[in-house]
Chemist: 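Have a look at this one.
Chain naming here is simple, since letters A, B, ... match the order of the sequence lines and numbering starts at 1 in each.
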Amino acid sequence: MPRWVDAREGDAEDEDDEPSSEDDEEEFDMDRAEAPAEQDVEAEEPGDTDERVQSGATAGPSGQKQKITIPLGNRKLVCHPCYLCKQTGHTTMTCPYRIAPEHGCVQAANLSSDTLLATVLQREQHGRKREIHLEQPSWQVDAAVLKLHSRRCLCLDFHPTKDNIVVSGDKKGQVAVWDFEKVHERTVYAQMHRALANNIKFMGPVQDSYCASSSADGKLKVWDVETGFDRELLNMNPDGWIQGVTDEKSWIMLYGLDVGVEKGLIIVGDSKGRLYFVDARSDEKIFQGQLHKKGMKVTSCHVNPVDSNMLMTSSNDWTAKIFDIRNMSTNVDNSNGKGKESPDPMQLAVLDHPKVVNSAYFSPISGSKILTTCIDNRIRVWDYVLSAHGPADREIVHSHDFNRYLTPFRAEWDPKDPSERTFVVGRYISEDFGGVALHPIDVLDASTGRLLSQLVDANLSTICPVNKPHPRVNVIVSGSSRSLYAWRPVSKDEDDPKLPVKEAKEAKGKGKSTGSVPSSAHFISFDADATEKKKRKAASAGAGEEAGKSKKGGKSKIVEKDESDEENGEPSSPNSKPSKGKKAGGKKK
DNA sequence: AACGCATGAAACC
DNA sequence: TGGTTTCCCTGCGT
């Protein structure tokens, strides 16, 4: 029986942006085809029409986005590739990969030359039906905190000991701590970072209230979720933050992050293909190396859960790599002077991909499988680390397109599945659920590619790129846009309720029926922006107090870190604003 | 309701 | 090699 909090009346419309009902997955863009010719010519480079006709037809399997333009006298017929598999010749709706029961999952042709394995493979593929079927419950949103962040959410992590605590980071560098059990209890540290908080990782059960976070402001911080107090472990841009130059060549951003709890090591990658090890006890940098292509982001890091010497990284350079940490410790700071990078002598394997790799993770229990998410709309599975030098054992075609406005999708293992098959990933492409276009979160079987469950809620119409199954309890938390959602299985006895979409919303005049999609109403609304604006107004009026107030007796805090705190030891940045109040009160509207 | 904007990979020149 | 253009089922704010 979920505890729930009334959503604010006025909030109903907030999360609903009239999902564009144009579900036309047409490859033939009639609008364009029928538009006056001049318009088309304007839109398309007249010169390359011919080229496209020729080259478009040969769209390779590697997922090239190519468009075929067919001139029809005055007009042109534009043929988009399938949004899902990126090939031409069919629509997304009729994509063979979409229709296939197992997501077009491709078994590797050359799994092994081993006869026994080949036999097993043969049996698995063509013999009796797969014996083990993973069961998945149906899920529903049990709790949500809307507009927790002021910008889109980029990352999540679960508290190592407190089951109901999750932290998240957003595009503006805010970090938040949310109790999805108590639903309205959350804390926002509004200025933990000054740019994208790309990754957050808890430091492990011993220092269980501490998180490490890596950010595009070039800083690696460790901070206390209870107090927000932080210490800076790395600052890649010691000259400070200058507005407007963040994406200049010289600016270094930190991305992929993992904490090797066993070794007391924080591992972080930057935007230049470099990797840093920081000793979690001394806070000292003990290694730096150019392990990926220069100038390319290191998008993820993961320490093998069983063999803590094994590290996997993924990168914009179209690879994931596996390293032996033991070979790294000597090589401190060699690339400090000029760009002479040591060509990774410690590299164990390179997992080539046809596009940018968003993430690469070892399986959570045995550490022997590998799951990568690549923006070619394919999720790849290696069943054994030892086969990582070869092609993936499976490629699962799945829509998680790169989109510049979205946080990159990452397929995440479910650490609770002892068979290490279940993983979760958000879906980019929308599907029609009783007249409403929703973007489900998919639960998939890594061994078969089978879709085990898809999570949808009528109140959640935005894309959910950030999703994580809880390591201990049956919860999946999703970050979508500025909000967080906690999903739980629908309990059978509670057979409930298909709670209709909020009446407030219907009364609102939209009257949009959500058809068959139920929506649980366990929402709490929270508008961080409104709070900030209010606070600012209050501050400018000269009164910064009024702390820690909230509606309905729930606790909520917005903690504005004192800027002077943040600039600690840093030469003043040109645009540093006068410091604000230390702890201005968050307040519910 | 109709925009404008932030923003990133990759193809193209 | 670097600057420019394209992609064109985002989400939010004005």
Chemist: Between B:dG8 atom P and A:Y428 atom OH, what is the distance in whole Å?
Modeler: 15 Å
Chemist: When you measure from the side chain of A:S481, which nucleotide among C:dC12, B:dA10, B:dG8 comes out closest?
Modeler: C:dC12
Chemist: Can you list everything that forms a side chain to side chain donor-acceptor pair (under 3.5 Å) with A:T407? Sequence neighbours excluded, please.
Modeler: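 With sequence neighbours excluded, A:T407 shows a side chain to side chain donor-acceptor pair (under 3.5 Å) to A:R152, given in chain and number order.
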Chemist: If you check every side-chain atom of A:I375, which of B:dG8, C:dG11, B:dA10 has the closest atom?
Modeler: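 Among B:dG8, C:dG11, B:dA10, the one nearest the side chain of A:I375 is B:dA10.
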Chemist: Using whole Å, what does the distance between atom P of nucleotide B:dT7 and atom NZ of A:K297 come to?
Modeler: 12 Å
Chemist: Atom CZ of A:R151 to atom P of C:dT10: distance rounded to whole Å?
Modeler: 18 Å
Chemist: Check the distance between B:dG8's P and A:R152's CZ and give it to me in whole angstrom.
Modeler: 7 Å
Chemist: Would you mind telling me which of C:dG11, B:dG8, C:dC12 lies closest to the side-chain atoms of A:L196?
Modeler: B:dG8
Chemist: Where the side chain of A:F402 is defined as all heavy atoms beyond and including C-beta, which of B:dA11, B:dG8, C:dT10 is the nearest nucleotide?
Modeler: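 When the side chain of A:F402 is considered, B:dG8 is the closest of B:dA11, B:dG8, C:dT10.
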Chemist: Between A:N403 (CG) and B:dA10 (P), how many Å, whole number?
Modeler: 14 Å
Chemist: Side chain to side chain contact (heavy atoms under 4.5 Å, CB included) with A:T94: which residues, sequence neighbours excluded?
Modeler: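 Only A:H90, A:T91 meet the side chain to side chain contact (heavy atoms under 4.5 Å, CB included) criterion with A:T94.
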Chemist: So, A:S314 and A:S300: side-chain donor and acceptor under 3.5 Å apart, yes or no?
Modeler: yes
Chemist: Among A:R186, A:Q174, A:H149, find the residue that satisfies the side chain to side chain donor-acceptor pair (under 3.5 Å) test when tested with A:S168.
Modeler: A:H149
Chemist: If you check every side-chain atom of A:Y83, which of B:dA10, C:dC12, C:dC8 has the closest atom?
Modeler: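 My answer, after comparing the listed nucleotides, is C:dC8.
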Chemist: Please confirm whether the shortest side-chain N or O distance from A:K355 to OP1 or OP2 of B:dA11 is below 4.0 Å.
Modeler: yes
Chemist: A:Y255: which residues meet the side chain to side chain donor-acceptor pair (under 3.5 Å) condition with it, sequence neighbours left out?
Modeler: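 With sequence neighbours excluded, A:Y255 shows a side chain to side chain donor-acceptor pair (under 3.5 Å) to no residue whatsoever.
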Chemist: Is any side-chain nitrogen or oxygen of A:W318 closer than 4.0 Å to OP1 or OP2 of B:dA10?
Modeler: yes
Chemist: List, with names and distances, any nitrogen or oxygen atoms from the protein found under 3.5 Å away from nitrogen or oxygen atoms belonging to nucleotides 4-6 of chain B.
Modeler:
from, atom 1, to, atom 2, distance (Å)
B:dA6, N6, A:Y405, OH, 2.9

Chemist: Send over the distance from A:L154 CG to B:dG8 C1', rounded to a whole Å.
Modeler: 13 Å
Chemist: From C:dT10, B:dA9, C:dG13, pick the nucleotide closest to the side chain of A:N316?
Modeler: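 Nucleotide nearest to A:N316's side chain: B:dA9.
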Chemist: In whole Å, I'd like the distance from the OH atom of A:Y255 to the C1' atom of B:dA9.
Modeler: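 In whole Å, B:dA9 C1' and A:Y255 OH are 12 Å from each other.
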Chemist: In chain order, what residues pass the ring-ring contact (aromatic ring centres under 6.0 Å, His included) check against A:Y361, with sequence neighbours excluded?
Modeler: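 In terms of ring-ring contact (aromatic ring centres under 6.0 Å, His included), with neighbours along the sequence ignored, A:Y361 is linked to A:H302.
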Chemist: Among residues at least two apart in sequence or on other chains, which ones pass salt bridge (charged side-chain N to carboxylate O under 4.0 Å, His left out) with A:D170?
Modeler: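 Here no residue qualifies.
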Chemist: Whole Å only: how far is the CH2 atom of A:W251 from the P atom of B:dG8?
Modeler: 14 Å
